[in-house]
Amino acid sequence: MLSLQTMEINAKYNPAEVEDKWYAYWLKNRCFHSEPDSREPYTIVIPPPNVTGILHMGHVLNNTLNDVLIRKARMDGKNACWVPGTDHASIATESKVVARLAEKGIHKEDLTREEFLKYAWEWKEEHGGIILQQLRKLGASCDWDRTRFTMEPELSDAVTATFVYFYKKGLIYHGYRMVNWDPVAHTAISDDEVIHRDTKSHFYHLRYFIADADGKPTKEFLTIATTRPETIMADAAICVNPADERYHYLRGKKVLIPLINRAIPVIEDDYVEMDFGTGCLKVTPAHDAHDYEIGQRHDLPILEILDDDGRLNEKAQILVGEDRFVARKHIVKLLEDAGNLVKIEEYISPVGYSERTDAVIEPKLSKQWFLKLEGLAKAALESVESGNIKLIPEKYRNVYRHWMENAHDWCISRQLWWGQRIPAWYLPDGSVVVEETAEKALEAARAIDPSITASQLKQDEDVLDTWFSSWLWPISVFDPKRPGHPRHKPNRDLSYYYPTSDLVTGPDIIFFWVARMVMAGDEFMKDVPFRNVYFTGIVRDKLGRKMSKTLGNSPDPLVLIEKYGADSVRLGMLLCASAGNDILYDESQVEQGRNFCAKIWNAWRLVNGWRVEEKGRQPESARVAVKWFDGLLSRTIVTVEDHYRKFRINDALMAIYKLFWDDYCSTYLELVKPAYGEGVDGYTFDATVSFFDKMLKLIHPVMPFITEELWQSMAERRPGETIMYERTPVAGPYDSEYLAEFDKARQIVAGVRAVRAQKQIAPKEGLKLCLEGDVQPEMLPVIAKSANISEFVDSCSGASVSFIVGTVKCSIPLEGLVDTSQERAKVEAELEHQRKFLAGVRAKLGNQNFVAHAPQAVVDNEKKKEADALARIEALEASLKAL
RNA sequence: GGAAGUUUAGCUCAGCUGGUUUAGAGCACCUGCCUUACAAGCAGGGGGUCAUUGGUUCGAAUCCAAUAAUUUCCACCA
């Protein structure tokens, strides 16, 4: 048993001082570090934040959950390993670097690739990893020795090898395709990085005059409707539906593009909807994905009039150099002046925006690298369908399935410099070799043409999509040699830690990351990358708005931590974090966390301050309290474990919270608390301290700092000892009936207190109490102490106030304080209610169908209800008579 | 346009396999207390036609259907 400490503790808990102290202690003692051993592993890889990112509330939620899981596993005796790291985030980082350089007057276009990368690495060294420092403030127990970065040499090699592997397998190809072009970031992006938003725009109806045989305009015209008048110069045809009789007369005719008077044919294709717009579609193969398809079918020329910035080029002939949106305004005016504008309609249509830069996506034809996903997706779908991976909450299975069944080829090349460069080398004749290194590429090239020299080989200028490295994360953090090299035997770490246990992440990256990790796991490990995926919600403000910089509704977590302490922030975040639901964050939740810290702190101050009389007699009320709380603690542990198993972290937390606050502090401590000036007996004290110790261990995964601080102060600890490696308390046997009896006693106490409040009787004033009905004698001392009962009397003939708990009639004789008529009215109202209740129960029991169909236990329960109601009615009638 | 989810107290949510006396919790609210751990607290209290309608059933917050509201995901109708 823990020895008595006489150490003075501060009246107030000071998180700032305590948190830094213990985090340093944990680091010094390498408490977070894990090495493979004979224990069962429990592994989490962090969803790597952007290397130049700053901690926001979403990170707080995610990493708190991760930390709770990892600390819980550690205390459950598993070998817990949480691998931290950062993501190079190619677009996001590159655009930050570009912006930063622009501030200094340096433009990316003026730099060589090497010069730019030098700046980028400098920036990374300077700002990279700030977020990892911030995670330490939150208390994250990551194994920092294992910190990884997706662009460190070893991990980049893994990415390169993966590319080569899939290329040689025939799953990666290079081809001209219509891709999503981001004119701000100057790169292609994948379909998943495009966000479609309904956007207010206009529908312009334009008049195209029909050309005569010489290509001169006639008086006849047709009208097309478009949202993009600035692209008419790139039109290759006008298309109508072959079934549309209105336009049959146009067969074989040509029309003239307004303003530039270039003649284009009228063609027919089923794609055109007859009843949409005017039924005439302008076909612009270079600047619209559909039009490109139509163009392919009809062998139309492709004329690109937009440059990489989204500005019109000289091929447009007019408005050259203008931005596409500026040009749109101008061309409308020109069309109007030329008499080609029929009308403008208000129109709302979905427009694609870049996830990163928010620029309007421009469909653009370009040569890119793609990965075929069909086969990979099929296998990855199976992992979830079969239950090898569980998604929590389950509703995400549908989302996941839908994406997997419709997965398009993945555009993996990006026209950026910050990232893993594509390991493809071009020979002077245009043929390509794909190898892991320049040396191997040269070798391969020489197999084609022995005269090739190294300087003649040109490496592809593009880099790979960031997610093409993140999808290897659960493998490459342990053994970077494995991805792309199926014959490489997994090293000790990978064999031990893979598959990881749980993944906690936001649903917004289910396709970007989660799905693709499953594919990579399947391909390179023939096993899932994790067992469970817990999807958090999005953190919103209390009005339900997404947190954003522009709204200014996103608090800085570090400021919160400084103000309230990390434990409070963690608790505040978890209180409202049921899986899959959005989190409505409000600072009052963090205040609640702080209040809980104070409660724990003060409870220990109380117990710590008791004078212990080792040989003192244990009062009966204390004996009962200890027996009760011991049972309740066991029952709660069972509940909490069940919640954890189901990833119901906030329910687990609430169960512990209430156990500590309502049961331990408000009820238990009040019962065992020695009278003023007296000491506490040794047995009660030991039990009280032991309960406290167990509850600290239950709370520790959620609130690591205050629990360590108090646990350390409870007894002399060995150097390096920590609550982190204590074992989760185990539930012992408990007697549910005893707990129920105690609850009944608590309700009687509450009843007495209510009478006191109502009659304004001070708690100090002892009362008499008459209990009629089934109350265990053991509970009397508990009731006496908690409700300040000076005497239990057998009968209560005079004026009294009464209430009923279950079937126990409780009466407090209160000569002179009872308002008879008021009391009578109260009893009558209750009587009325009970009679109605009885009538309801009897109606049920009188129903032959019910008695015949319902299970016996349910019928018996109804009979018990009937009997109880009768007993209460009898008691109430007696009270009424006495009044 | 397609799909999925949600709807229970002022707010945020539990309520799992339909049955447990009057549907729960946290926060907020009201009343009374500075009672010798804690006013960041203690004690007590009020508050819900379980979105609507219909169905299944002896019995529905719970299962089914429709409707409404709302959220999210997917989707290239110019």
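Numbered from 1 within each chain, the chains take letters A, B, ... in sequence-line order.
A straight line from OH of Y396(A) to C1' of C74(B) spans 14 Å, rounded to a whole angstrom. Counting to the nearest Å, the C1' atom of A78(B) and the CD atom of E230(A) are 13 Å from each other. Summarising the geometry, the separation between CG on L669(A) and P on A37(B) is reported as 11 Å, rounded to the nearest angstrom. The CZ atom of R228(A) sits 15 Å away from the C1' atom of C77(B) (whole-angstrom rounding). Between the OH atom of Y664(A) and the C1' atom of A37(B) there is a distance of 11 Å, rounded to whole Å. Regarding I294(A), its CD1 atom lies at a distance of 14 Å from the P atom of C77(B), rounded to whole Å. In this structure, Y400(A) places its OH atom 15 Å from P of C74(B), rounding to the nearest Å. Taking atom CZ of R756(A) as the reference point, atom P of U35(B) lies 16 Å away to the nearest angstrom.
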Task: Worked check of side chain to side chain donor-acceptor pair (under 3.5 Å) between Y668(A) and T688(A) - done: CA-CA 9 Å; Y668(A) 174 83; T688(A) 304; 2.8 Å; yes
TODO: Check step by step if salt bridge (charged side-chain N to carboxylate O under 4.0 Å, His left out) holds for K658(A) and D663(A).
DONE: CA-CA 7 Å; K658(A) 284 201 277 195; D663(A) 301 315; over 6 Å; no
Task: Stepwise side chain to side chain contact (heavy atoms under 4.5 Å, CB included) test for L606(A) and L669(A) - done: CA-CA 9 Å; L606(A) 173 69; L669(A) 286 181; 4.1 Å; yes
Might you list the N or O atoms of the protein lying below 3.5 Å from N or O atoms in nucleotides 48-51 of chain B, with each pair's distance?
none

Protein-nucleic acid N or O pairs under 3.5 Å, nucleotides 55-58 of chain B:
unit_1, atom_1, unit_2, atom_2, d
C58(B), O2', N847(A), ND2, 3.2

I'd like a table of atom pairs between the protein and nucleotides 12-17 of chain B - only N or O on both sides, under 3.5 Å - with the distance next to each one.
unit_1, atom_1, unit_2, atom_2, d
A14(B), OP1, N581(A), ND2, 3.1
A14(B), O3', R648(A), NH2, 2.8
G15(B), OP1, R648(A), NH1, 3.0
G15(B), OP1, R648(A), NH2, 2.9

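When the C1' atom is used for both A28(B) and A75(B), the distance is 43 Å, rounded to whole Å. Taking atom P in both U8(B) and A3(B), the straight-line distance is 25 Å, to the nearest Å. For the C1' atom pair drawn from A39(B) and G18(B), the interatomic distance equals 46 Å after rounding to whole Å. Rounded to whole Å, the separation between the C1' atoms of G45(B) and A68(B) comes to 36 Å. C33(B) and C38(B) have their C1' atoms separated by 15 Å, given to the nearest Å. To the nearest whole angstrom, the two C1' atoms, one in A43(B) and one in G48(B), are 25 Å apart. Comparing A69(B) with U52(B), their P atoms sit 15 Å apart, to the nearest whole Å. With both ends at atom P, the span from G1(B) to U67(B) equals 14 Å, rounded to whole Å.
Counting any heavy atom pair closer than 4.0 Å across all strands shown, S349(A) reaches sugar-phosphate atoms only and no base atom. As judged by a 4.0 angstrom heavy-atom cut-off over every strand, R594(A) is placed among the base-contacting residues. Within the 4.0 angstrom heavy-atom criterion, base atoms lie near C665(A). Residue-level contact check: K599(A) touches the bases, meaning some heavy atom is under 4.0 Å from a base atom.
Within the 4.0 Å cut-off from OP1 or OP2 of A78(B), not a single side-chain nitrogen or oxygen of Y204(A) is found. In this structure, N595(A) reaches the G41(B) phosphate: one of its side-chain N or O atoms is under 4.0 Å from OP1 or OP2.
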Open item on the list: Give the dot-bracket line for RNA chain B from 5' end to 3' end: parentheses for intra-strand Watson-Crick or G-U pairs under 3.5 Å, square brackets for crossings, | for inter-strand pairing, dots for unpaired.
Closed with: (((((((..((((.....[....)))).(((((.......))))).....(((((..]....))))))))))))....
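The salt bridge (Lys or Arg N to Asp or Glu O under 4.0 Å) search around R872(A) returns none, not counting sequence neighbours. Judged as a ring pair (Phe, Tyr, Trp, His ring centres under 6.0 Å), and not counting sequence neighbours, the contacts of F596(A) are Y657(A), F660(A). Evaluation of the salt bridge (Lys or Arg N to Asp or Glu O under 4.0 Å) rule for K864(A) yields D868(A) as partners, not counting sequence neighbours. With sequence neighbours excluded, the residues that form a ring pair (Phe, Tyr, Trp, His ring centres under 6.0 Å) with H205(A) are F203(A). With sequence neighbours left out, the salt bridge (Lys or Arg N to Asp or Glu O under 4.0 Å) criterion links K646(A) to D642(A). Every residue meeting the salt bridge (Lys or Arg N to Asp or Glu O under 4.0 Å) condition with K673(A), not counting sequence neighbours, appears here in chain and number order: E670(A).
The aromatic rings of W601(A) and Y13(A) sit tilted, their planes meeting at an angle between 30° and 60°.
Side chains of N180(A) and D191(A): a donor-acceptor N/O pair is present below 3.5 angstrom, by distance only. Side chain to side chain, E591(A) and S588(A) fail the donor-acceptor criterion of an N or O pair below 3.5 Å. Between the side chains of T199(A) and Y353(A), at least one donor N or O sits under 3.5 Å from an acceptor N or O. For the residue pair R401(A)/N398(A), the side-chain donor-acceptor check at 3.5 Å is satisfied.
Without hydrogens or angle criteria, T505(A) side chain to T536(A) main chain gives no donor-acceptor distance under 3.5 Å.
With hydrogens and angles left out, the side chain of N861(A) and the base of U20(B) share no donor-acceptor pair within 3.5 Å. Residue side chain E670(A) reaches the base of A37(B) through a donor-acceptor N/O pair under 3.5 Å, judged by distance alone.
For the pair R228(A) and E362(A), the salt-bridge criterion is met [side-chain N within less than 4.0 Å of a carboxylate O]. Under a 4.0 Å N-O distance rule, the pair K563(A)/E587(A) qualifies as a salt bridge. Between R540(A) and D586(A) there is no salt bridge, since no side-chain N of the basic residue sits under 4.0 Å from a carboxylate O of the acidic one.
Between G806(A) and N398(A), the residue whose closest nucleotide on RNA chain B is further toward the 5' end is N398(A). Mapping E591(A) and Q758(A) onto RNA chain B by nearest heavy atom places E591(A) at the nucleotide closer to the 5' end.
Which of U36(B), A40(B), C77(B) sits closest to the side chain of Y676(A) comes down to U36(B). Residue F511(A) has its side chain nearest to C73(B) when only C73(B), C77(B), C42(B) are considered. In the set U72(B), G44(B), C77(B), G44(B) carries the atom at the smallest distance from any side-chain atom of A754(A).
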TODO: Let me have a per-nucleotide readout for nucleotides 23-34 of chain B, 5' to 3', with B, S or -, counting only protein heavy atoms under 4.0 Å.
DONE: --SSS-------
Could you pull out every donor-acceptor pair under 3.5 Å between side chains of residues 855-863 of chain A and any protein atom, sequence neighbours left out?
unit_1, atom_1, unit_2, atom_2, d
Q856(A), NE2, D860(A), OD1, 3.0
E862(A), OE2, K865(A), NZ, 2.8

